[in-house]
S.K.: 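Encoded as structure tokens, here's the structure I'll be asking about.
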Amino acid sequence: MLAGIDLGGTQVRVALARSDGRLVASIKTRTHLLPTPQAMVDWAAGEIDRHRGREKVRSITIAAPGPIDLKRGALVNPPNLPWQNVPLVAMMSRATGARVHLANDADMAGLGEFHHGAGRGTQNMVYITWSTGVGGGLIIDGKLHRGAHGTAGEIGHTIIDPNGPLDNCGQRGCLEAFVSGTALARETGRTAAELFAGAAAGDRKALAAVEKAAYYSLTNAIDPEMFVMGGGVSRSWALIYPTMIATLRSSPFIKPARRPRLRRARLGDRAGQVGAVEWARINQ
């Protein structure tokens, strides 16, 4: 069998699947109930053991928030977890006896959407998760592109204005510093949920802020067949879709014949665990 673990700041999810990737069980808990890395490993290993029956789990992928160190199999210093330099691969391997892989959570969500969600049938796809922060995953020629050091797809930390606001990562003018839920709340004094609700209700100031955030485009840098949008902001799809598609259509560089499609993610909160299982299947 295979297992995928989606480690988030709010929830931890574990999925078990057959060797062909077919899910047979999914379990979740609140992250704050697992206050230490060892507690998380013990809980996940216990759930895997409880649901595997008589089958052996051979391959496990942990989808974790970056930055991660692929060589050491370690979680470095995620902004939404108070953990630093945690050797998750070694810890989970000791607890389960399985082959364990560590991967970026946005990469895994993108892989899940590519194989089982909105991106099925494409070969070149960009997944964007837009919520409290901004992340991404790149599929090139049908394969996940991780880059030389595993950080490809970190679109939220692409600098678009070197004189812009300071981001949590320490750089100035990152995309995330302009369009994340946190950035929108800082700029408008309203939470992202309140802002999008106001925009939906016709509030002109709220609508202007939402449209401004949706205006940024990555098409000329990536040239994909499809953009798949996930994360909390995608729940306001009716608001952001018109501006984003108008941006794609207005560029003089993007001719209709190569204009990428824009789709809303289909897997929701399950994307990370589905992708993690898929990565475990690919690397079993």
S.K.: Does Arg18 reach the side chain of Met1, with side-chain heavy atoms less than 4.5 Å apart?
M.R.: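 In contact.
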S.K.: Taking all heavy atoms of Pro224 and all of Pro260, pick out the closest pair and write down the distance.
M.R.: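 Between these two residues, the closest heavy atoms are O-CB, 3.3 Å.
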S.K.: Could you check whether any side-chain N or O of Glu113 sits under 3.5 Å from a backbone N or O of Ala118, counting only pairs where one atom can act as donor and the other as acceptor?
M.R.: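 Yes.
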S.K.: So which heavy atom on Ala280 is nearest to which on Ala3, and how close?
M.R.: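 In this case the closest contact between Ala280 and Ala3 is CB-O, 3.8 Å.
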S.K.: For the hydrophobic clusters of this structure (ILVMFWY residues joined by side-chain heavy atoms under 4.5 Å, transitively), does one cluster hold both Val126 and Met226?
M.R.: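 In one cluster with Val126: Met226, no.
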S.K.: Is there a donor-acceptor pair under 3.5 Å between the side chain of Trp279 and the backbone N or O of Ala63?
M.R.: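 No, Trp279 side chain to Ala63 backbone: no donor-acceptor pair under 3.5 Å.
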S.K.: How far apart are the closest heavy atoms of Gly164 and Arg172, and which atoms are they?
M.R.: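 Answer, listing the atom of Gly164 first, then Arg172: O-NH1, 3.2 Å.
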S.K.: How many angstroms lie between OG1 in Thr10 and CG in Leu7, if you round to the nearest 0.5 Å?
M.R.: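 If we round to the nearest 0.5 Å, Thr10:OG1 and Leu7:CG are 11.0 Å apart.
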S.K.: Side chain of Thr61, backbone of Ala276: donor and acceptor closer than 3.5 Å?
M.R.: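 Here the side-chain-to-backbone pair exists.
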S.K.: Enter the distance from Glu194:CD to Thr188:OG1 here, rounded to the nearest 0.5 Å.
M.R.: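 Output value for this atom pair is 8.5 Å.
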S.K.: What's the verdict on side-chain hydrogen bond (donor to acceptor under 3.5 Å, both in side chains) for Gln284 and Ser19, showing C-alpha distance, side-chain angles and the deciding distance?
M.R.: CA-CA 9 Å; Gln284 64 183 308; Ser19 58; 5.3 Å; no
S.K.: Would you say the side chain of Trp83 lies within less than 4.5 Å of the side chain of Met40, judging by non-hydrogen atoms?
M.R.: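 Answer yes - side chains close enough.
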S.K.: Rounded to the nearest 0.5 Å, how far does NE2 of His101 lie from CE of Met108?
M.R.: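 The CE atom of Met108 sits 10.0 Å away from the NE2 atom of His101.
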S.K.: Mind checking whether Trp43 and Leu102 sit in one hydrophobic cluster, side chains of I, L, V, M, F, W, Y counted as touching below 4.5 Å?
M.R.: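 Yes, Trp43 connects to Leu102 through the hydrophobic network.
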S.K.: Any link between Met91 and Val100 through a network of hydrophobic side chains (Ile, Leu, Val, Met, Phe, Trp, Tyr) touching at under 4.5 Å?
M.R.: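 The answer is yes; both residues are in one hydrophobic cluster.
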S.K.: Hey, does the side chain of Thr31 reach the backbone of Gly8 with a donor-acceptor pair shorter than 3.5 angstrom?
M.R.: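 Here the side-chain-to-backbone pair exists.
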S.K.: Which heavy-atom pair separates Leu138 from Ala152 by the least distance, and what is that distance?
M.R.: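 Looking at all heavy atoms of both residues, the shortest contact is CD1-CB, 4.4 Å.
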S.K.: Treating Ser180 as the side-chain partner and Gly133 as the backbone partner, does any N or O pair qualify as donor plus acceptor under 3.5 Å?
M.R.: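 Judged by distance alone, no pair lies under 3.5 Å.
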S.K.: Got Leu16 and Arg52 here, is their nearest side-chain heavy-atom distance under 4.5 Å?
M.R.: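 Counting from C-beta outward, Leu16 and Arg52 do come under 4.5 Å.
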S.K.: Side chains of Ile62 and Val89: closer than 4.5 Å at any heavy-atom pair?
M.R.: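 No, side chains not in contact.
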S.K.: Check for me, please, whether Leu262 and Phe114 land in the same ILVMFWY cluster - side-chain distances under 4.5 Å, paths through other members count.
M.R.: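 Different hydrophobic clusters.
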S.K.: Within the distance-only criterion (no hydrogens, no angle test), does the side chain of Asn124 pair as donor or acceptor with the backbone N or O of Asp141 below 3.5 angstrom?
M.R.: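 Present.
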S.K.: Indicate yes or no for a side-chain donor-acceptor contact from Glu47 to the backbone of Ala44 under 3.5 Å, with no hydrogens or angles considered.
M.R.: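 Not confirmed, Glu47 side chain does not pair with Ala44 backbone.
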S.K.: Whether the side chain of Glu225 engages the backbone of Gln123 through a donor-acceptor N/O pair (distance < 3.5 Å, no angle test) should be reported.
M.R.: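 Looks like yes, one N/O pair under 3.5 Å.
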S.K.: Nearest 0.5 Å, what's the CE-CD1 distance between Met92 and Ile48?
M.R.: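 CD1 of Ile48 is found 6.0 Å from CE of Met92.
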S.K.: Can you tell me how far CZ of Phe196 sits from CD1 of Ile240, rounded to the nearest 0.5 angstrom?
M.R.: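 It comes to 6.5 Å.
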S.K.: Charged N to carboxylate O below 4.0 Å: is that the case for Arg13 and Asp269?
M.R.: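 Looking at Asp269 together with Arg13, the answer is yes, because their closest N to O distance falls below 4.0 Å.
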S.K.: Consider only side-chain heavy atoms of I, L, V, M, F, W and Y, link residues closer than 4.5 Å, and tell whether Val24 and Val277 are in one cluster.
M.R.: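 No, because Val24 and Val277 fall into different hydrophobic clusters, even though each may have its own neighbours under 4.5 Å.
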S.K.: Using 0.5 Å steps for rounding, measure from the OG atom of Ser26 to the NE2 atom of His51.
M.R.: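 Nearest 0.5 Å value for the OG-NE2 distance: 9.0 Å.
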S.K.: Using only atom types and a distance under 3.5 Å, with no angle test, would you say the side chain of Glu278 pairs donor to acceptor with the backbone of Gly21?
M.R.: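 Looks like no, no N/O pair under 3.5 Å.
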